[in-house]
There are 2 protein chains.
Amino acid sequence: MTAVPRKRADARRNEQTLLDAAAAAFVTSGVDAPVRDIAFRAGVGVGTIYRHFPTRADLIVAVYRHQVEACAEAGPALLTDSATPHEALARWIDLFVDFLITKHGLPEALRSGDATFETLHAYFLDRLVPVCDTLLAAATTAGQVIPGVGAYQLLRAVGNLCIGAGSDDRYDPRRMTALLVAGLRAQ
Amino acid sequence: MTAVPRKRADARRNEQTLLDAAAAAFVTSGVDAPVRDIAFRAGVGVGTIYRHFPTRADLIVAVYRHQVEACAEAGPALLTDSATPHEALARWIDLFVDFLITKHGLPEALRSGDATFETLHAYFLDRLVPVCDTLLAAATTAGQVIPGVGAYQLLRAVGNLCIGAGSDDRYDPRRMTALLVAGLRAQ
DNA sequence: TGGTAAACGGAACATGGTTCCGTATGTTGG
DNA sequence: CCAACATACGGAACCATGTTCCGTTTACCA
């Protein structure tokens with residue numbers, strides 16, 4: 001038995017305060033919000049942030065974990081609820097897009113080669129690639145989607161298409177991802 | 001007649017040296033290469049860079065101007081050389097993608113909301129949107145492409161799909177843009 | 001209640017963009 | 001050829017941000 005020493009009360013309190021502060025900062029300044037801003041909002045020193053969340057990726061993952069889980073869990077449900085596997089795929093991707101475009105700077109962070117965001121990248125992949133793969137495989141088996149496009153590549157393309165969403169009303173990421181999914185269709 | 005005072009010889013020389021140094025730095029470190037690196041390569045002080053190219057965008061535009069012009073001029077030629085307008089569009093977009101994926105960080109810069117890159121963004125749009133629009137219009141008129149997708153939006157989507165190219169061999173921007181263009185096709 | 005380890009705060013450091021001004025140099029009229 | 005002037009140069013200094021480190025504070029437990 002490894003005795004699990006419970007964290008101190010102030011530490012637990014600060015962790016929650018930081019999550020709230022970060023979530024608020026992310027909304028107004030995007031996921032690149034300056035560390036000092038987040039610390040100030042939470043009323044703590046910057047050292048406290050780094051103690052709880054060693055990298056920015058850890059903080060981002062913690063803030064959005066619930067929403068990513070929800071998106072992942074929606075996959076199988078859509079597969080049974082939709083008329084066709086291709087429709088299920090399209091609807092699931094819409095869900096993913098809706099999540100991404102409301103998080104300023106998140107798609108950029110997911111794509112940046114920056115080692116800081118490695119954890120973030122890995123978490124999204126671990127959680128979403130298998131789901132996407134299931135949907136994609138179902139659609140391919142049903143002969144509705146051309147073979148040879150992996151779940152990873154598709155997700156990455158969708159993520160890319162969501163970059164800069166909201167900063168320009170002439171660009172509609174939903175429309176463009178829909179076009180991409182249409183291109184997947186076996187004619 | 002506004003007398004045009006010719007620039008000093010050293011200034012002209014430095015401008016060319018800087019262009020060469022920047023081009024080299026962009027190849028190895030991407031278009032975000034530190035200003036000090038570029039200055040060092042060129043053997044000048046950082047002040048000299050800012051005097052010749054007030055923003056990074058000016059430098060990037062100057063370095064890639066020829067290639068962008070070439071891409072723009074290829075549009076009309078492709079339209080007459082190709083079997084169908086849709087094929088011309090597809091080939092032109094391939095050309096654009098080939099240009100982008102060899103310029104590390106350029107697609108990212110084009111999309112960043114950063115005001116520093118405003119000039120860059122504007123230059124690409126000025127030069128390429130009209131060309132793309134011509135191709136798109138021809139394909140639409142021929143009934144080969146669904147209406148309602150503007151040249152700006154298409155170019156932006158293609159640019160986005162090229163972000164991070166080369167950093168990950170599981171992701172193929174050419175393939176993804178081809179899928180997007182396939183999705184444009186009127187069935 | 002006192003001792004200890006956990007946690008905290010924020011100063012200090014590293015990096016990279018940007019500005020500014022004293023100095024050096026090309027250019028031109030005499 | 002020279003002097004005087006405007007142009008251009010160099011790089012120190014400044015600012016913004018991420019990151020580290022350590023002296024101080026505080027929660028917990030005996």
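Quantities reported herein were computed from a predicted structural model and do not represent experimental measurements. By convention in this document, chain letters (A, B, ...) are assigned in the order of the sequence lines, proteins followed by strands, and residues within each chain are numbered from 1.
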Whichever of B:D32 and B:D10 has its nearest DNA chain C nucleotide further upstream toward 5': B:D32
Residue whose nearest DNA chain C nucleotide is more 5′ - A:V46 or B:R51: A:V46
Aromatic plane relationship, A:F99 with A:Y64 - under 30° parallel, 30 to 60° tilted, over 60° perpendicular: perpendicular
Interatomic distance, B:I49 CD1 vs C:dC20 C1' [rounded to whole Å]: 16 Å
A:A11 side chain, from C-beta outward: closest of C:dC8, C:dT18, D:dG18: C:dC8
Separation of D:dG11 P from B:N14 CG (nearest whole Å): 12 Å
Nearest listed nucleotide, side chain of A:P34, among D:dG18, C:dG17, C:dA5: D:dG18
Distance in angstrom units between A:R12 CZ and C:dC8 P, rounded: 12 Å
Atom pair distance, as rounded to whole Å: CZ in A:F53 and P in C:dC8: 11 Å
d(OH, A:Y50; P, D:dC22) in whole Å: 17 Å
Rounded distance in Å - CZ (B:R36) to P (C:dA14): 14 Å
Any donor-acceptor N/O pair, A:D133 side chain to A:A151 backbone, under 3.5 Å: no
N-O pairing of B:D168 and A:R156 below 4.0 Å: yes
Whole-Å distance separating the CG atom of B:D114 from the P atom of C:dG16: 17 Å
Evaluation steps, side chain to side chain donor-acceptor pair (under 3.5 Å), between B:N14 and B:T17: CA-CA 5 Å; B:N14 274 332; B:T17 306; 4.7 Å; no
Per B:T48 side chain, nearest of listed nucleotides D:dC9, D:dT19, C:dG9: D:dC9
Below 4.0 Å: OP1/OP2 of C:dC8 and any side-chain N or O of A:H52: yes
Parallel, tilted or perpendicular, as decided by the 30° and 60° cut-offs, for the rings of A:F96 and A:F124: tilted
Spacing of B:I38 atom CD1 relative to C:dT18 atom C1', expressed in whole Å: 14 Å
